[in-house]
Protein chains: 2
Amino acid sequence: MEPFTPRQNAVLECALQLLVAGGERALTTAGLARAANCSKESLYKWFGDRDGLLAAMITYQASKVRTPGPREAIPTLDDFARSLVVFAEDLIGVLSGEVSLALNRLAIGQADRDGARLGALLREHGRLPIEQRARALLELGRRHGYVHFTDTREAYETLYGLVVHDGHVRMLLGEPPTGLAEERSRRARLAIAQFFRLYGHGAQDIE
Amino acid sequence: MEPFTPRQNAVLECALQLLVAGGERALTTAGLARAANCSKESLYKWFGDRDGLLAAMITYQASKVRTPGPREAIPTLDDFARSLVVFAEDLIGVLSGEVSLALNRLAIGQADRDGARLGALLREHGRLPIEQRARALLELGRRHGYVHFTDTREAYETLYGLVVHDGHVRMLLGEPPTGLAEERSRRARLAIAQFFRLYGHGAQDIE
DNA sequence: GCGGAACCGTACCGTACGGTACATAAGCTT
DNA sequence: AAGCTTATGTACCGTACGGTACGGTTCCGC
């Protein structure tokens, strides 16, 4: 059950391109109709209004990204650590992708309207799947005794903070990607090493 | 040397109110003129154009916040840890302030124009002073042997990540403040405890 | 082959906003 | 008191955009 027809997907893809290239101001209904060779009337028929179009762009983009489910095979400690590094690298990669940045900018710029509907969509379709994948991974590690924590959410958020720092906001603000995106692998490995220092085997809960 | 006259400050204060209340769309030149009892012509005379007004709002807001310089007195380890906790609490408080959120949303929403001029302003006047205060504090602690690191920037960014996680982006996206802003003190203390676990006395550099 | 649905392209409308011009008033200097 | 500066308030202009209407075309089912 695809929520959109192929034609609509093509239009949404085009809309994402426009958004990435020129920001929100470049994404006008007339401009999209011209770029996608469709009529404005079709846009309104398919997506309701402009806000519906923006929401559709988010869900469409989310539908493109598949988060690999964790294979439940029993990993060695080394497998587990490597999986965490891969997750960290993926996370950095996703957050620094230009489509992701453009959509986050869009949702943040509209956070004052409709009770932040776009922001909620982005959290639900973008961040939540990532978080759940990571939490499943963390709990797998805990079951094998590789890491120790009581609050999975807290452990996940610590992991997130160690990996991303404030690199995401800096990129959203338009900082040239001299920081996070480069040296991605190094950052990922360092963050995981720090995470093991905090939650690794033998570590006690703080407090 | 005040960059703006008192009258202009009052107008900028009013502009910030409008921005906080209704987001960027609520901040129109006509609306500001009406709310601040001034004329549009004065706005353009003072700030050049709308972008100049936005930039002025950022520098004005930054001028209101004074970052306390670190007192150079020799602290005990406990003083030092307490200072870090205070810093963490302050950081959370600043980031979750509604004016800060509104300005960050504004700058992020405009990150595609003018080479992200507003974003650069926000980094320079908002984040940089905070970072420098924290780095001075960290190096003070290092001089007294309370913490151990080689790269101050890296230590600072780790501290930032431990304190903020992705709470900033979530708030920017409009998430109700059920997360970071509350339990601020607990979060700050936990983050500092984790920071000491990573960089505290006796810890070795990772890698 | 025929009718209808879907769609394209374009033209159109209303409005909201950035920016400018101007006429008028309030304060300051001489 | 005259003149200059500064500011207010309003009216105005151009434009850009969201949304709608409509004629023409393609395509599919019957």
Enquirer: Arg197(B) and Tyr199(A): side-chain donor and acceptor closer than 3.5 Å?
Expert: no

Enquirer: Which nucleotide in the list dG19(C), dA6(C), dA7(D) gets nearest to the side chain of Lys45(B)?
Expert: dA7(D)

Enquirer: Examine the side chains of Gln194(A) and Gln194(B) and answer whether a donor and an acceptor come within less than 3.5 Å of each other.
Expert: no

Enquirer: Counting only heavy atoms and a strict 4.0 angstrom limit, can you tell me which residues of residues 23-39 of chain B come near DNA chain D?
Expert: Asn37(B), Cys38(B), Ser39(B)

Enquirer: Report, as yes or no, whether the 6.0 Å neighbourhood of atom CZ on Arg25(A) holds more than 12 heavy atoms from other residues, nucleotides or ligands.
Expert: no

Enquirer: Pull out every residue in residues 49-58 of chain B that has a heavy atom closer than 4.0 Å to any atom of DNA chain C, ordered by number, or say none.
Expert: Asp49(B), Arg50(B)

Enquirer: Do Arg127(B) and Leu173(A) touch side chain to side chain, with heavy atoms closer than 4.5 Å?
Expert: yes

Enquirer: Between C1' on dG9(C) and OH on Tyr44(A), what's the gap in Å once rounded to a whole number?
Expert: 15 Å

Enquirer: Could you check if a side-chain atom of Leu101(B) sits within less than 4.5 angstrom of a side-chain atom of His168(B), using non-hydrogen atoms only?
Expert: yes

Enquirer: Given dC7(C), is OP1 or OP2 found less than 4.0 Å from the side-chain N or O atoms of Ser42(A)?
Expert: no

Enquirer: How about Tyr60(A) and Glu13(A): does a side-chain donor come under 3.5 Å of a side-chain acceptor?
Expert: yes

Enquirer: Hey, is the side chain of Trp46(A) poking within less than 4.0 Å of OP1 or OP2 on dC7(C), counting only N and O atoms?
Expert: yes

Enquirer: dA7(D), dG19(C), dA11(C): which one has an atom nearest the side-chain heavy atoms of Lys40(A)?
Expert: dA11(C)

Enquirer: Counting N and O atoms only, with roles assigned by atom type, does the side chain of Asp166(A) sit under 3.5 Å from a partner on the main chain of Val169(A), one being a donor and the other an acceptor?
Expert: no

Enquirer: How about Tyr156(B) and Ile130(B): do any of their side-chain heavy atoms sit closer than 4.5 Å?
Expert: yes

Enquirer: Report yes if at least one side-chain N or O of Arg7(A) is closer than 4.0 Å to OP1 or OP2 of dT26(D); otherwise report no.
Expert: no

Enquirer: Strictly below 4.0 Å, heavy-atom distances to any atom of DNA chain D: list the hits from residues 103-112 of chain B, or just say none.
Expert: none

Enquirer: Send over the distance from Leu43(A) CG to dC17(D) C1', rounded to a whole Å.
Expert: 14 Å

Enquirer: Can you confirm whether Val164(B) sits close enough to Tyr160(A) that some side-chain heavy atom of one is under 4.5 Å from a side-chain heavy atom of the other?
Expert: no

Enquirer: Within a strict 4.5 Å, meaning less than it, do heavy atoms of the Asn104(A) and Ile108(B) side chains meet?
Expert: no

Enquirer: Thinking salt bridges, do Arg187(A) and Glu89(A) make one under a 4.0 Å N-O criterion?
Expert: no

